[in-house]
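These numbers come from the heavy atoms of this one structure, side chains and all, not from hydrogens, waters or symmetry mates.
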Number of protein chains: 2
Amino acid sequence: MPPPAVRPVARRGVAGEAADRIRDAILAGELAAGTALKEVELASVLGVSRGSVREGLVVLESEGLVVSEWHRGTWVRELTPDDVDELYTLRTALDVLAMRTAAAKGSGFGPIDEVVRAMEHARTDTERVALDMEFHDAVYAATGHRRLQEAWRAIRCQVHLFLLARVADDPTYQELVVPEHAGLAAVLRAGDPGAAGCAAEEHLRGSSVKLVEKR
Amino acid sequence: MPPPAVRPVARRGVAGEAADRIRDAILAGELAAGTALKEVELASVLGVSRGSVREGLVVLESEGLVVSEWHRGTWVRELTPDDVDELYTLRTALDVLAMRTAAAKGSGFGPIDEVVRAMEHARTDTERVALDMEFHDAVYAATGHRRLQEAWRAIRCQVHLFLLARVADDPTYQELVVPEHAGLAAVLRAGDPGAAGCAAEEHLRGSSVKLVEKR
DNA sequence: ATTTGGAGCAATGTCAACATTCGGACATGC
DNA sequence: GCATGTCCGAATGTTGACATTGCTCCAAAT
């Protein structure tokens, strides 16, 4: 059966909103890696109390976008080469499971195709990277596997950040985004879990070779 | 080089302590699934403020031990059969990566063997399950892969809870814990990542067949 | 010269009071 | 009888003030 026509409203508090604003600022490059995030300052800028900022920072920490130490503070995370290795190995394991599960399920591919179509019309690398992320979001959503989506959420923003930094003005990426992801979507529709898993591995091995090792 | 002789002290606040107490109570069965966790009540019992309890509950939610809805409250999570499926599929993906990575690394196996030795002397199922968890903790620790450990942390307590419920007084488990884990430790030392990954899959397939499907 | 101890400041950790939201009970209208 | 509207108690969401901790600078001792 199709999902219900009206979805439950998103009931969120000030803390979630604060997390969104800070996350956007980081992904937009306005808060560079290593920047200290002082609670009083953020509270003042965002116009909310320090308690809400604290709560929002906890969320961002769970997404790996910031790191914090007891009684010392919170900073925008800096990604070392080791971090990138960790991200790609873990992400591969998750993506393989996601592609296999989605292919086995065999439905809910509509949003995935929509993202691919939007990709074809993207003009900037920033847009392309954002849609790249949304493509994989859609794959994870198609699995219906909540804990898998949660595990992806925990590294998603870090992957996003890394892609933004590495992909900047790389013509190879611009050429390959659409065909690569269109290929993944096609394998999904074919409905062969094994093939879908292999496609995920190759997709990531490709990005790894072309992006990581060129640094 | 070996890890430094003196480790940095664990500097934690009241919130972390509160999370520990509540987690222990849930894993000890004192707080049944579905129980409402009222902030004022917990704050009173624990002797801390509501703010700290709130912060602790966020941690427990990130571990999947409790669920909370906006302006409604927080409850001890109830695990449905679908939840168990999710836990086992995701855990398999993580364990395979962990065993492969640890085998490839080829060091840091000391703590793993220690857990196996402790397992041989365990008297109750509760102890055995706790050591089962610690065994896998040790494997994840041996990988040195922080994000993989973090992903495991996010489902660890749920797996613990499930095992406690299903394993209770099951003679099969009691017989198999030690040989199964000793086998995993041996494969690790062999140093073949591929074999280690397969061993992880079989280890979990075994538990799945023997524990999940008997319900 | 190096190190040790303390004072001051800045930032985070904790708390208790106020504001908001929710769910249910009851009354009202059709 | 069913749906809608309103009130109330209870719980969570939010806030600002107070307590605690860590860093830095500087002086004094070895």
Could you measure the distance from the CD1 atom of B:Ile22 to the CG atom of B:Leu37? Nearest 0.5 Å is fine.
6.5 Å

Does a side-chain N or O of A:Arg54 approach OP1 or OP2 of C:dT12 to a distance below 4.0 Å, or not?
no

May I have the distance from A:Leu57 (atom CG) to C:dA11 (atom P), rounded to whole angstrom?
15 Å

If I take atom CD in residue A:Glu41 and atom C1' in nucleotide C:dA10, what distance separates them, rounded to the nearest angstrom?
13 Å

Toward the 5' end of DNA chain D, which comes first, A:Ala15 or A:Arg72, by nearest nucleotide?
A:Ala15

Measure the distance from CD on A:Glu69 to P on D:dG22 and round it to the nearest whole Å.
11 Å

Got more than 12 heavy atoms from elsewhere within 6.0 Å of CZ, A:Arg146?
yes

Does A:Arg153 form a salt bridge (Lys or Arg N to Asp or Glu O under 4.0 Å) with A:Glu150? I'd like the steps, not just the answer.
CA-CA 5 Å; A:Arg153 189 192 67 85; A:Glu150 182 60 28; 2.9 Å; yes

From CD of B:Glu17 over to P of D:dT20, roughly how many Å is that when rounded to an integer?
17 Å

Go through it in stages, so that I can follow the logic: the residues are A:Thr92 and A:Arg205, the test is side chain to side chain donor-acceptor pair (under 3.5 Å), and I'd like the CA-CA distance, side-chain angles, deciding distance and then a yes or no.
CA-CA 9 Å; A:Thr92 301; A:Arg205 195 166 15 240; over 6 Å; no

Given D:dT15, is OP1 or OP2 found less than 4.0 Å from the side-chain N or O atoms of A:Ser52?
yes

Could you state the atom-to-atom distance from NE2 of A:His71 to C1' of C:dA11 in whole Å?
9 Å

Send over the distance from B:Trp75 CH2 to D:dT12 C1', rounded to a whole Å.
11 Å

So which of residues 31-39 of chain A are in contact with DNA chain C, with a heavy-atom cut-off of under 4.0 Å?
A:Leu37, A:Lys38, A:Glu39

A:Thr172 vs A:Asp170, side chain to side chain donor-acceptor pair (under 3.5 Å): CA-CA, chis, key distance, verdict
CA-CA 5 Å; A:Thr172 314; A:Asp170 179 342; 3.1 Å; yes

Nearest-angstrom distance from the residue atom CD of B:Glu55 to C1' of D:dT14
15 Å

OP1 or OP2 of D:dT15 sitting under 4.0 Å from any side-chain N/O of A:Arg50?
no

Are any non-hydrogen side-chain atoms of B:His203 and B:His136 less than 4.5 angstrom apart?
yes

Parallel, tilted or perpendicular: which fits the ring planes of B:Trp152 and B:Tyr140, with parallel below 30° and perpendicular above 60°?
parallel

Indicate, with a heavy-atom threshold strictly under 4.0 Å, whether B:Gly51 touches base, sugar-phosphate, or nothing.
nothing

